[in-house]
**Q** 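What follows is a single structure, and I will ask about it in a moment.
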Amino acid sequence: MAAQELVVQAPVAGRIVPLDQVADPMFSLGMIGDGIAIEPASGEVCAPCDGVVVSVHSRGHAIKLRADNGAEVLVHVGLEAVALRGEGFEVAVAEGQRVAAGELLSRFDPERLAALCGLITTPTVITSDAFHIERRAEAGPVAVGDAVMTVAPVGAPVEPPKMTSDREVVLEMTLGFHARPAALLAEIAKGFASSVQVSLGDKQANAKSPVSLLTLGCRYGSRLRVSAGGVDAEAAVAAVAEAIASGLGDPVVPLGTAPDAASAEPGEAPAPSEPFAPGERAVLDGIVASPGIAMGTVVRFGASRRAPAETGADPATETVLLRAAVAEVARHLKTQAETSRNAPQREIAAAHAALLDDPELMDAADKWIAAGKSAGNAWCRAIEVQTTILRGLDNARLAERAEDLVDLEQRVLAALAGESLDPVALPPDAIVVAEDILPSQFMGFGEQLPAGFVLAKGGRTSHVAILAASSGVPMLVAVGPDALRIPEGAALVLDAETGRAVVNPSAQAMQAIRAASAAREARRDANRAAARAECAMADGTRLPVYANVGSVGDAARGDAFGAEGSGLVRTEFLFLDRRTAPTEAEQLAEYQAMADAMRGKPLTFRMLDIGGDKPIPYLPGKPEENPILGVRGIRMSKRHPDMLRQQFRALLRLAPGGQCRIMLPMIADVAELRWAREVFAAEKAALGIAAPVPLGIMIEVPSAVALADRLAAEADFFSIGTNDLTQYVLAMDRGNPDLAAEVDAFHPAVLRMIAQTVEGAKTHGRPVGVCGGLASEVLAAPILIGLGVASLSATRSGIPDLKAFIRTLDLPTCRAVAQDALQQDTPEAVRALVLARWPDALPPSLAGIIGESAGA
Ligand code: PEP
Ligand code: MG
């Protein structure tokens with residue numbers, strides 16, 4: 001063996017797998033280093049060589065050694081999830097300690113860790129660029145101490161080879177350059193002996209390194225120069241340039257045909273549209289996600305990202321500043337994690353604290369500081385490399401972590417700038433204008449919600465829309481890029497009834513809107529005062545109106561708005577935005593608190609409905625090309641029956657027993673229902689519960705409508721989820737902003753599906769309710785009732801108006817109008833039909849005044 005060579009030994013016993021087959025792109029694409037991976041058969045991690053421990057991750061899953069020849073070897077137990085959830089590592093060494101090959105580094109319980117985090121594959125990689133792997137062991141069984149790699153220095157630094165060939169190529173990939181094409185390009189470049197470079201302006205990247213390529217920051221329209229030096233330079237340049245031109249598997253639009261981006265200068269973001277001038281009046285259209293009217297002052301959310309100075313003082317000073325800022329943010333997060341009033345906020349703060357603790361972020365920032373950058377600039381660069389990679393991986397879970405990293409970037413920059421880390425208190429009339437917001441960001445407003453929201457993106461039935469509607473805060477979504485032209489501090493009227501926002505309305509118009517709003521408020525107050533009474537139609541037909549509920553607070557507020565119980569408890573909100581699943585005891589406590597808040601009134605708990613647009617981070621799942629048609633709802637439960645069992649148990653243990661019904665989401669056929677019913681019956685029997693507990697199903701998949709009579713034989717009740725039913729009947733993604741206006745549950749095709757469902761239910765005398773968004777629409781009430789729907793579950797803020805209107809209806813008229821509705825051709829015609837019969841169904845519109853304000 002040559003003097004500088006290092007033999008790396010297996011750190012754990014198990015089975016070697018090639019690194020490129022590991023289920024984490026960070027490792028499989030070689031972004032962290034080259035090496036091997038082992039599927040561990042035991043939980044003892046030993047030193048893979050003699051050396052010094054240079055870092056031990058605070059969770060203990062990642063330990064890096066520096067061997068005597070200078071090569072750094074990282075042993076990383078488990079994949080991405082372990083960084084967040086891996087607990088229970090017993091670390092036997094400390095940073096700075098010298099160890100001998102084979103000496104114990106740490107211990108873990110493989111079964112427990114696998115249950116907690118999914119895969120526990122253990123990559124062992126060489127992280128120093130100055131070394132390469134000369135030989136490595138084949139896939140197969142391995143014992144601790146077996147030689148698995150021979151590592152040698154790449155050689156003394158040499159002059160970069162002279163570039164002998166080059167070519168310019170324009171990047172025409174519409175998605176810009178992200179991790180997957182970067183990895184593909186690096187693979188192509190590695191097929192040549194020559195060194196190959198890609199440059200953008202004065203930035204250069206090694207074409208054989210995906211990370212190096214990503215740090216160029218090139219995007220659509222960037223003019224790149226590909227150059228190479230070596231024996232096959234010409235062929236290398238041709239192959240790499242052609243690969244870039246071909247799009248590397250991503251969509252390509254020739255420059256000049258995509259006007260916005262084509263005008264972008266190389267390496268620059270396309271110029272944002274000009275903000276509206278001070279006082280400039282503008283009317284923007286959007287989709288109503290949560291109805292209501294608001295007037296107020298614009299607060300831009302997430303619009304201004306701090307951009308620190310590029311260079312700073314000397315590296316020692318900048319290092320101290322960065323460490324102090326990170327420590328301050330860490331302290332703040334810890335306090336939030338311990339003291340925030342609601343559970344999601346506590347969980348998010350804890351997750352952010354774990355991310356902030358990642359030594360790789362600090363390592364990267366240190367390198368930039370050593371290169372002369374300021375603390376803030378170095379921190380941004382360290383974060384940006386990670387976010388670029390994460391966002392490019394087409395994996396929703398990892399992309400969410402990118403948003404979390406941006407959040408941390410900004411917090412650390414705020415701390416560096418000496419700013420307070422507490423959330424900025426919103427003025428009472430704030431109308432938040434943003435590109436989009438996440439449910440976690442919405443929850444971050446806590447009790448101090450803004451007066452309204454105007455979002456450039458988003459969908460009518462997104463979870464943020466559901467949160468807004470359940471809080472009674474008006475929200476307009478899918479307004480488009482003009483929303484981002486609304487300046488901070490502008491006056492704004494938000495008409496989330498007709499779907500318009502007026503920027504800088506005239507003073508007279510504001511006054512008129514105030515007066516009209518007061519009249520509407522008076523009507524609303526009267527309806528609210530009467531809301532607590534039971535709801536019956538004018539002819540005496542009882543028609544209970546329930547509230548949709550996602551939390552204990554929702555249940556309590558629903559009760560205050562006159563809800564006669566809950567027809568839909570979305571239990572998934574308890575499972576989202578956490579690092580681990582809630583235990584049975586936690587679930588029971590939360591469900592019991594909801595039931596108590598409803599003061600004895602009935603509740604229908606829906607079993608966990610996740611997957612699709614509601615991923616949860618701790619359930620391992622393969623990335624799906626089309627998650628809306630993927631493993632969601634009951635399909636997810638079939639893959640995790642223990643979670644279903646546990647949730648059944650928690651619900652069955654509620655007291656008093658008769659208060660709750662249970663329903664299953666996304667049932668597509670009888671076999672799924674039978675399977676879940678058997679699990680339910682087994683848990684019920686195990687708990688010794690003899691009293692009947694109704695088990696019903698959501699009708700939200702067209703096949704369930706087609707099979708309604710068969711399903712009715714075995715389900716105790718139906719509840720129609722018109723949000724999903726509409727998306728699947730019309731084949732339109734409910735979250736797609738471009739389709740937001742068309743995904744309309746008033747569509748006669750959807751109404752016919754509801755009619756068919758009721759007919760199917762009748763064959764076994766099963767009651768049918770509606771709990772999707774259509775149940776909250778005042779104009780839909782007579783149609784649904786006329787079709788035979790027996791109860792409605794709505795967003796709580798609309799319940800008083802809904803009840804007041806239902807009290808004016810009679811069954812024969814509703815039946816006649818419903819039959820007419822089934823014969824219409826468009827949703828607009830259906831609405832017009834109802835308005836023609838009940839012209840006062842909606843409160844007086846502000847549209848006229850708002851229209852004048854736009855023109856005034
Ligand atoms: C529905 O699909 O209508 C429904 C009520 O379920 P969710 O909106 O939670 O998917
Ligand atoms: Mg649904």
Side-chain angles (χ1 to χ4, degrees), residues 289-290 439 442 458-470 475 477 545-551 554 558 563 565-577 603-616 627-637 647 661-668 672 696-705 717-736 739-740 743-747 749-751 753-754 757 768-777 780 784 789 791-796 798:
S290 169
F442 187 99
R460 197 204 302 258
T461 51
S462 66
H463 279 100
V464 137
I466 289 168
L467 288 170
S470 67
M475 177 183 274
V477 298
V545 179
Y546 303 122
N548 292 347
V549 161
S551 65
D554 276 357
S566 173
L568 168 64
V569 180
R570 286 187 167 94
T571 59
E572 56 274 9
F573 282 110
L574 177 58
F575 290 72
L576 299 173
D577 296 317
L603 292 99
T604 303
F605 284 90
R606 179 175 69 186
M607 299 299 287
L608 192 53
D609 179 17
I610 46 161
D613 62 336
K614 308 167 197 165
I616 53 176
I628 290 296
L629 299 180
V631 180
R632 54 167 302 202
I634 194 74
R635 301 170 198 166
M636 180 71 94
S637 299
Q647 195 179 16
R661 307 193 302 177
I662 299 176
M663 67 179 169
L664 306 162
M666 290 291 294
I667 291 287
E672 282 177 346
I697 60 170
M698 296 277 296
I699 301 284
E700 43 192 348
V701 182
S703 62
V705 177
F717 62 90
F718 287 171
S719 182
I720 304 179
T722 50
N723 304 336
D724 277 316
L725 187 60
T726 306
Q727 99 168 327
Y728 295 126
V729 168
L730 299 180
M732 291 181 186
D733 181 350
R734 65 194 260 193
N736 182 335
L739 294 173
V743 192
D744 191 338
F746 277 88
H747 199 293
V750 179
L751 301 182
M753 299 298 259
I754 295 173
T757 303
V768 180
V770 174
C771 65
L774 195 61
S776 303
E777 300 269 357
L784 296 175
V789 167
S791 64
L792 299 174
S793 192
T795 49
R796 65 164 179 273

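As the structure is a prediction and not an experimental result, all values here were calculated from the model. One-based numbering, in listed order, for ligands and for the atoms of each.
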**Q** Taking 4.0 Å as the limit for heavy-atom contacts, which would you say applies to Q727 with ligand 1: side chain only, backbone only, both, or neither?
**A** neither
**Q** Taking 4.0 angstrom as the limit and counting only heavy atoms of R734, give me the atoms of ligand 1 inside it, by number and element.
**A** 2 (O), 7 (P), 8 (O), 10 (O)
**Q** Are E672 and R635 packed together at the side-chain level, in the sense that at least one heavy-atom pair is separated by less than 4.5 angstrom?
**A** yes
**Q** Which ligand 1 atoms, with their elements, are less than 4.0 angstrom from a heavy-atom of G772?
**A** 3 (O), 5 (C)
**Q** Any salt bridge between D724 and R734, counting N to O under 4.0 Å?
**A** yes
**Q** Please state which option from R570, R632, R606 has its nearest heavy atom closest to atom 6 (O) of ligand 1.
**A** R606
**Q** Should the proximity of I720 to ligand 1, defined as any heavy atom under 4.0 Å, be assigned to the side chain, the backbone, both, or neither?
**A** neither
**Q** Do the side chains of D609 and R632 get nearer than 4.5 Å, heavy atoms only?
**A** yes
**Q** Hey, what do you get for OG1 (T726) to CD (E700), rounding to the nearest 0.5 Å?
**A** 10.5 Å
**Q** Can you find a pair of side-chain heavy atoms, one from L792 and one from L784, that are under 4.5 Å apart?
**A** yes
**Q** Which residues satisfy the side-chain contact (heavy atoms from CB on, under 4.5 Å) test with S793, sequence neighbours excluded?
**A** Y546, N548, L568, C771
**Q** Under 4.0 Å from a heavy atom of G721: which atoms of ligand 1 are those, numbered in the order shown and with their elements?
**A** 1 (C), 2 (O), 3 (O)
**Q** Can you tell me which N/O/S atom of E700 has the shortest distance to the Mg ion (ligand 2)?
**A** OE1
**Q** Run the salt bridge (Lys or Arg N to Asp or Glu O under 4.0 Å) test against D733 and tell me which residues pass, sequence neighbours left out.
**A** none
**Q** Mark up the atoms of ligand 1 that fall under 4.0 Å of a heavy atom belonging to L568, in ascending order.
**A** 5 (C)
**Q** Identify, by name, the N, O or S atom of D724 lying closest to the Mg ion (ligand 2).
**A** OD2
